[in-house]
Participant: 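Here it is, the structure, as structure tokens.
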Amino acid sequence: MLELGIFPVMRIAIGADHGGFLLKEEVRARLAESGHEVVDFGTHSVESCDYPDYARSVGHAVARGTVERGILVCSTGIGMAMAANKVAGIRAAPAQSDEEVRFTREHNDANILTLGAKFVDERRALELIRIFLETDFSGGRHARRVAKISELEHV
């Protein structure tokens with residue numbers, strides 16, 4: 001059993017479309033078992049649905065601060081990232097490697113991780129999520145760059 005750890009315990013929003021439903025369910029259960037509070041925005045079946053609906057819901061929860069981080073799952077992770085990044089205050093990143101996830105947190109202060117169910121299995125997804133939850137934002141010169149990203153929301 002892969003240990004997600006108890007610290008830091010967070011309130012996490014999760015969502016998926018039909019392509020990511022099964023992986024979302026596995027991840028949701030494991031996060032809850034590890035002590036995290038998980039807010040599930042759906043979908044709740046493998047019936048065809050539209051990923052922007054779930055990206056919007058999770059994005060709003062993260063942007064409003066009702067949760068600390070978000071996780072979105074679709075077939076590739078790309079569509080979810082594109083949709084979630086339309087919500088002001090969201091920095092969603094698709095990632096498949098440990099280093100990508102670490103850099104999205106350290107350098108970009110990503111607040112939503114998007115995963116592709118076609119590319120990662122449950123074990124890999126949980127490892128990526130562990131890194132996403134445990135890695136802090138580095139700040140410094142990166143804070144200036146993240147601020148510039150935020151300014152783009154007002155252009």
Side-chain angles (χ1 to χ4, degrees), residues 1-137 146 149 153:
M1 180 176 193
L2 183 64
E3 181 60 42
L4 280 174
I6 297 299
F7 300 103
V9 173
M10 294 185 185
R11 189 160 200 245
I12 302 164
I14 193 167
D17 67 359
H18 57 283
F21 169 72
L22 296 175
L23 182 58
K24 177 200 63 121
E25 288 297 294
E26 294 166 347
V27 165
R28 179 188 53 75
R30 289 299 304 280
L31 286 168
E33 287 172 11
S34 295
H36 298 284
E37 182 180 347
V38 182
V39 181
D40 187 349
F41 285 92
T43 192
H44 302 291
S45 76
V46 294
E47 184 176 328
S48 183
C49 59
D50 299 329
Y51 62 85
D53 298 334
Y54 306 99
R56 178 182 52 235
S57 297
V58 169
H60 281 277
V62 172
R64 291 178 181 143
T66 59
V67 297
E68 294 166 83
R69 304 256 174 90
I71 298 167
L72 289 164
V73 188
C74 63
S75 293
T76 65
I78 296 167
M80 282 291 198
M82 292 172 72
N85 281 321
K86 297 295 183 181
V87 177
I90 295 306
R91 290 172 306 282
Q96 296 178 36
S97 75
D98 294 4
E99 191 171 40
E100 286 175 315
V101 175
R102 197 168 290 108
F103 283 147
T104 66
R105 287 290 308 133
E106 289 177 350
H107 295 189
N108 309 114
D109 198 18
N111 48 20
I112 295 179
L113 176 65
T114 67
L115 300 170
K118 286 187 176 192
F119 304 112
V120 297
D121 61 13
E122 176 188 2
R123 183 172 179 76
R124 187 73 187 124
L126 291 169
E127 179 60 19
L128 295 172
I129 291 166
R130 182 191 62 75
I131 295 166
F132 178 68
L133 298 178
E134 291 180 354
T135 303
D136 292 325
F137 178 49
V146 169
I149 292 170
E153 294 170 354

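This one's a predicted model, so the numbers in the text were calculated from it and none came from an experiment.
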Participant: Do you know which two heavy atoms are closest between A117 and G20, and how far apart they sit?
Facilitator: CB-CA, 4.1 Å
Participant: What's the shortest heavy-atom distance between A55 and A84, and which atoms?
Facilitator: CB-N, 3.7 Å
Participant: To the nearest 0.5 Å, what is the distance between CG (L128) and CG (L133)?
Facilitator: 11.0 Å
Participant: Please give me the minimum heavy-atom distance between F41 and A61, naming the atom from each residue.
Facilitator: CZ-CB, 3.7 Å
Participant: Quick one: does V58's side chain get under 4.5 Å of I14's, heavy atoms only?
Facilitator: no
Participant: Between E127 and R124, is there a salt bridge with N-O shorter than 4.0 Å?
Facilitator: no
Participant: Does any N or O in the side chain of D17 come within less than 3.5 Å of the main-chain N or O of G19, such that one atom is a donor and the other an acceptor?
Facilitator: yes
Participant: How many angstroms lie between NE2 in H36 and CE in M10, if you round to the nearest 0.5 Å?
Facilitator: 7.5 Å
Participant: V73 versus M80: any side-chain heavy-atom pair under 4.5 Å?
Facilitator: no
Participant: Do C49 and F21 make a side-chain contact, defined as non-hydrogen atoms from C-beta onward lying under 4.5 Å apart?
Facilitator: no
Participant: Under the criterion side-chain contact (heavy atoms from CB on, under 4.5 Å), which of D40, I71, T43 is the partner of K24?
Facilitator: D40
Participant: Looking at CD1 of I78 and CZ of F119, how far apart are the two atoms once the value is rounded to the nearest 0.5 Å?
Facilitator: 6.5 Å
Participant: How about Y51: does its OH atom have over 12 heavy atoms from other parts shown lying under 6.0 Å from it?
Facilitator: no
Participant: To the nearest 0.5 Å, how far apart are CD in E25 and CD in E122?
Facilitator: 11.5 Å
Participant: Check whether R105 reaches the backbone of D136 with its side chain - one donor and one acceptor, N or O, closer than 3.5 Å.
Facilitator: no
Participant: At their closest point, which heavy atom of T114 faces which heavy atom of A92, and how far apart are they?
Facilitator: CG2-CB, 4.3 Å
Participant: Could you tell me the separation between the CG atom of L126 and the CG atom of D121, rounded to the nearest 0.5 Å?
Facilitator: 9.0 Å
Participant: Quick check: closest heavy atoms across A125 and V120, and the distance to 0.1 Å?
Facilitator: CB-CG2, 4.1 Å
Participant: Going by heavy atoms in the side chains, are V62 and R69 under 4.5 Å from each other?
Facilitator: no
Participant: Between I12 and V39, is there a side-chain heavy-atom distance shorter than 4.5 Å?
Facilitator: no
Participant: Where is the tightest heavy-atom contact between H107 and V146, given as atom of each residue plus distance?
Facilitator: O-CG2, 3.8 Å
Participant: Does R30 come within less than 4.0 Å of E26, counting only side-chain N to carboxylate O?
Facilitator: no
Participant: If I take atom CD from residue E100 and atom CG from residue N108, how far apart are they, to the nearest 0.5 angstrom?
Facilitator: 11.5 Å
Participant: Do E99 and R102 sit within salt-bridge range, that is, some charged N less than 4.0 Å from a carboxylate O?
Facilitator: no
Participant: Is there a donor-acceptor pair closer than 3.5 Å between any side-chain N or O of N111 and the backbone N or O of G89?
Facilitator: yes
